[in-house]
Every structure is written in C-alpha cells, then in structure tokens.
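This report refers to the structure that appears directly beneath it.
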2 protein chains.
Amino acid sequence: MYSFTEENYLKNILKLHLGGTQVISTNVLAESMHTKASSVTDMIKKLAVKKLLKYEPYRGCVLTNLGKSVAVTTLRKHRLWETFLVNTLSFSWDEVHEVAEQLEHIQSDKLISQLDAFLGFPTHDPHGDPIPQLDGKIATSAFFTLDKAKSQNQLIVCGVLNHTTDFLKYLSKYGIQIGSHLSILQINAFDRSIDLLLNEKQQFNLSNEVVKNILVQFIKQVA
Amino acid sequence: MYSFTEENYLKNILKLHLGGTQVISTNVLAESMHTKASSVTDMIKKLAVKKLLKYEPYRGCVLTNLGKSVAVTTLRKHRLWETFLVNTLSFSWDEVHEVAEQLEHIQSDKLISQLDAFLGFPTHDPHGDPIPQLDGKIATSAFFTLDKAKSQNQLIVCGVLNHTTDFLKYLSKYGIQIGSHLSILQINAFDRSIDLLLNEKQQFNLSNEVVKNILVQFIKQVA
DNA sequence: TTATTTTTTTAGACAAGTCTAAATATTTTT
DNA sequence: AAAAATATTTAGACTTGTCTAAAAAAATAA
Ligand SMILES: [Mn+2]
Ligand SMILES: [Mn+2]
Ligand SMILES: [Mn+2]
Ligand SMILES: [Mn+2]
C-alpha cells in the first residue's frame with residue numbers, strides 16, 4: 001500500500017510527535033531521516049496529497065489520523081520483530097534494530113497477528129519500549145530516567161532512551177539489562193554521576209550521560 | 001548489497017536454469033518476471049556489468065558463479081521463511097508464497113542462520129521443495145510425479161510442481177497434503193486419470209492435469 | 001525597523017526500474 | 001535465397017526518491 005520510504009517518513013514524524021513536538025519542521029525531520037531538507041519538502045508535499053499529514057508551507061507538518069495509524073502500525077511491527085529476534089532467535093538487544101528496520105515493512109496482517117500470538121502478546125520490546133496494540137493504543141511509560149532517582153532507592157531497569165549499539169553494548173558489558181536490580185548508594189553532586197549496586201552484587205559508578213538514558217521503576221513488593 | 005529487483009531477476013533465472021534451460025532468452029525471462037522484454041534487456045545489461053551473469057546480445061544469458069550464489073541464497077531464504085510460516089506461525093501451504101517473496105529479501109546472515117537453527121535445519125519446504133544449504137548445494141529431488149505411478153503402487157506425497165494458491169487449496173479440500181499416503185487403484189487409459197485411495201480411507205479420482213503436479217515416492221518400509 | 005542569519009522551498013539534475021513504439025536481428029516459411 | 005514472422009534491442013518518456021545550488025520567506029539581531 002505505502003512504500004518503505006513513505007512508511008519511514010511517517011514513523012519518524014510519529015516519533016517526533018511522541019517526543020512532544022506538535023508540529024514537525026522540515027529541518028528537524030530531515031535530521032531524523034538522515035536526508036536533506038529539500039528532499040523532505042518534496043516528500044511531505046506528496047504525503048499531504050495522500051492525506052497522511054497536514055502541511056503548511058514554511059510552518060511544518062502534523063500527521064492526520066490516517067498517517068498516524070500507518071505510523072503506529074509500522075512501529076508495532078518494528079517492536080514485535082525486535083521481540084521475536086531477541087526472544088525466539090537469541091539476538092542480543094543491540095543487534096535487532098537494523099534487522100527490524102527491514103522487517104517492519106513486510107506487508108501481511110496475518111503475519112503480524114500470528115507473530116503477536118506466537119510471542120504471547122508481548123507489551124514491551126527488548127528495549128523496554130511499549131508495543132502499540134492492534135487498536136493503535138500505545139501504553140504511556142510509567143518509567144522514569146535513572147537521573148531522577150534518590151539515594152537508597154531500590155529500582156528495576158525497564159528500558160533505555162538511547163538505542164544505539166554502542167550504548168547497549170556498554171550497558172551489557174557491565175551486566176545491565178532489562179530486569180536488573182539497582183540500589184542507589186550515592187548521588188555525586190559535582191558531576192551528577194551515581195554510585196550504585198547491581199543485582200545486590202557488583203558496585204560501580206555511572207556517569208550522568210549514561211544515567212539519563214536508563215529507564216527504571218521502583219521495585220514492586222510482590223506480597 | 002543487491003536490490004530486491006536484482007535478486008528477483010537472479011532468482012528467476014536460476015529457476016529457469018533448474019528447469020533445464022542452459023541459456024535464458026529475453027522473452028522467457030520477461031514472461032517469468034511478469035515484465036516486458038525491453039525491461040529485461042535493460043536489466044540483464046546491468047547485471048552483466050556487475051558480473052552476475054554472462055550476456056550475449058540476441059542470444060540470451062547465463063548466471064555466473066557469483067550470480068548463482070546470490071540466487072541460491074535468495075531461494076534458500078524464501079524456502080526457510082515458508083517453512084517458518086507453516087511450522088511456527090500456523091500458515092497453510094497455500095498462504096506462504098506471497099509473504100516469503102517479501103521476506104526473502106531481508107538482509108542479515110545472522111537472521112537466516114538463527115532461523116535455520118530454530119527450525120531444526122529443515123531440508124524441505126512446505127511444498128516439498130529442497131532448501132538449498134549454506135554451501136549452496138541443492139538436493140536433487142528423488143521424487144517423481146504421480147502420473148508415472150503404476151497400479152498397486154503404495155506412495156507418499158512429497159511435494160507439488162504447481163505452487164498456485166488455487167491448486168494447493170484444491171488439494172487441501174480433498175485432504176491431500178505432504179505425507180499423505182496414496183494407493184493406486186486404477187489408471188484410466190482414456191483420460192489418464194487415476195483412481196486412488198487416500199490414507200487407507202477415502203477413495204477418489206484425480207485428473208491427469210492434477211496428477212502431473214504431485215510429487216511422490218514409494219513408501220519406505222521402516223524395519 | 002532595517003539588516004543579517006537561518007529555515008524552507010524551488011529549479012534542475014540524476015539513478016533505478018519500467019513502459020510503448022520503432023528499429024534491427026534472427027529464425028522460419030515459401 | 002528472398003519474404004514473412006518472430007525475437008530482441010534501442011530510443012525516448014515516466015515515476016520515485018534523492019541531491020546541489022539558488023531563490024524566497026521567516027526569525028533574529030542590530
Ligand atoms: Mn528499534
Ligand atoms: Mn526497540
Ligand atoms: Mn514459494
Ligand atoms: Mn515453496
């Protein structure tokens with residue numbers, strides 16, 4: 001129905017919307033698409049004709065409901081495939097994104113619904129991001145970033161904001177993954193780094209730059 | 001590395017080679033690609049420049065070893081994905097081809113090797129076609145078509161030559177699938193149709209047109 | 001409010017892949 | 001061996017998506 005390129009534009013606009021931007025400017029979208037502003041202008045004019053977004057010259061664009069639904073479906077497919085790659089095919093969380101970028105464009109409703117069922121209707125992908133449901137609803141994250149934590153907090157790692165291979169490999173090297181337990185020992189005021197205890201065993205320090213990209217929640221007391 | 005289109009051309013040429021044709025003519029390839037002869041001429045010139053095939057104007061083309069290896073890999077991916085769709089995601093054998101046509105172009109060596117392992121290193125796809133191995137070897141079929149059978153033969157269905165949804169649905173309606181047992185009751189000389197017994201239960205007649213497209217082998221006596 | 005900088009759009013070009021119509025080659029028939 | 005039929009290639013055009021360079025609009029600074 002829609003080309004890979006169109007789906008990628010819509011998905012990137014959606015991500016920018018989800019990041020809190022109402023109207024997406026040409027330059028911001030060009031950055032996000034790793035392309036030039038002139039290419040973006042051409043493309044958003046075409047997407048506007050197809051009623052996938054609203055476009056005001058020199059003002060930027062906003063997804064229509066139609067465009068949003070295409071984008072959400074693409075994001076859903078991306079995250080389901082990432083889950084499949086990690087849970088079923090033993091990929092590590094830093095290896096899945098590139099492959100999911102390809103798989104998300106496969107067109108088959110049955111494929112996605114069967115995959116969803118096979119995976120047991122997962123709610124979050126391997127990076128802790130919510131998987132949009134069939135009806136288009138995306139769970140809003142109840143998680144907060146580790147730099148908001150207080151001393152003595154008992155936390156559990158739920159996701160990451162930075163999805164780059166480098167960052168994920170860095171976390172993996174320390175043994176940090178989704179589900180890891182973190183106890184905050186001390187917050188260092190001078191550089192905002194955090195001393196913590198991982199899984200009640202290893203103790204180390206994480207820089208503020210790292211800490212800002214780790215999503216956590218309080219450990220739930222299971223009665 | 002290679003575009004979807006290039007992979008599709010190479011895969012179609014390989015299929016024609018496997019069908020017994022040494023040199024592939026422009027018109028035959030155009031038919032196979034559902035495109036026009038002039039488009040084929042353009043494309044094979046490009047593939048020749050890339051050393052994927054040898055091309056003699058007005059004479060036709062032949063895959064090089066490089067082209068053959070790309071084509072075989074694509075065919076391997078196609079058949080592994082078909083196997084996944086049927087074995088893991090509960091697709092029926094007449095629903096998988098279109099989706100596999102898309103999935104076969106996903107680029108990730110790890111994806112394919114992990115999928116192969118997950119499926120238990122299958123040797124044949126859901127239509128009974130051999131899955132090319134990593135080294136490029138394609139098992140030659142030890143099967144024969146049902147129209148070669150003799151009266152009293154005890155056979156097992158191993159594959160099909162016609163892969164269309166219509167044909168596969170037709171077989172499924174009668175309950176014929178890979179692994180079905182067939183006993184030849186009678187061969188009717190006048191129309192070359194066959195009366196047979198399916199799985200020692202149902203008895204019916206299959207036309208010569210149908211019978212020519214079913215691959216079988218003798219039932220092996222397992223001691 | 002005018003001048004300068006930044007952002008966005010337009011103009012024109014290019015690559016991939018396809019098509020139709022016309023020109024050549026090749027094969028088959030007479 | 002020439003004529004007719006068939007197969008193949010060339011020429012020119014079109015679509016999608018991209019780019020650079022230049023023009024125009026908007027935002028910011030003076
Ligand atoms: Mn991803
Ligand atoms: Mn993810
Ligand atoms: Mn197939
Ligand atoms: Mn098959």
Between P of C/dT8 and CD1 of A/Ile44, the distance in whole Å: 9 Å
A/Tyr2 OH - D/dG17 P separation (whole Å): 13 Å
B/Thr35 side-chain proximity, nearest of D/dA27, C/dT27, C/dC19: C/dC19
Length of the line joining A/Asp42:CG and C/dA11:P, which is rounded to integer Å: 11 Å
A/Asn27 side chain near C/dT8 phosphate (N/O to OP1/OP2, under 4.0 Å): yes
Polar side chain donor-acceptor pair, B/His78 to B/Asp125, under 3.5 angstrom: no
Ring geometry between A/Phe143 and A/His124 (parallel below 30°, tilted from 30 to 60°, perpendicular above 60°): tilted
Parallel, tilted or perpendicular: ring planes of B/Phe167 versus B/Tyr170, cut at 30 and 60 degrees: parallel
Pairing partner of C/dA16 (Watson-Crick or G-U wobble, both distances under 3.5 Å): D/dT15
Below 4.0 Å: OP1/OP2 of D/dT9 and any side-chain N or O of B/Arg59: no
Minimum side-chain heavy-atom gap B/Trp93-B/Ile178 below 4.5 Å: yes
5' precedence on DNA chain D between A/Lys36 and A/Pro57 (nearest-nucleotide basis): A/Lys36
B/Leu29 CG - D/dT9 P separation (whole Å): 11 Å
A/Ser39 side-chain N/O to D/dG17 phosphate OP1/OP2 under 4.0 Å: no
A/Lys46 NZ - D/dT16 P separation (whole Å): 7 Å
Gap between atoms CD and P, on B/Glu6 and C/dA16 respectively (whole Å): 9 Å
Polar side-chain contact A/Ser38-D/dT20 base: donor and acceptor under 3.5 Å: yes
N or O in side chain of A/Tyr55 less than 4.0 angstrom from C/dT9 OP1/OP2: yes
For atom NZ of B/Lys45 and atom P of C/dG17, their distance in whole Å: 15 Å
Touch class at under 4.0 angstrom, heavy-atom based, for B/Thr41 against every strand present: base
Sugar-phosphate only, base, or nothing, as touched by B/Thr26 at under 4.0 Å among non-hydrogen atoms: sugar-phosphate
Gap between atoms OH and P, on B/Tyr58 and C/dT28 respectively (whole Å): 17 Å
Heavy-atom closest contact (A/His105 atom, A/Phe4 atom, distance): CB-CE1, 3.4 Å
Sugar-phosphate, base or nothing in reach of A/Tyr9, heavy atoms under 4.0 Å: sugar-phosphate
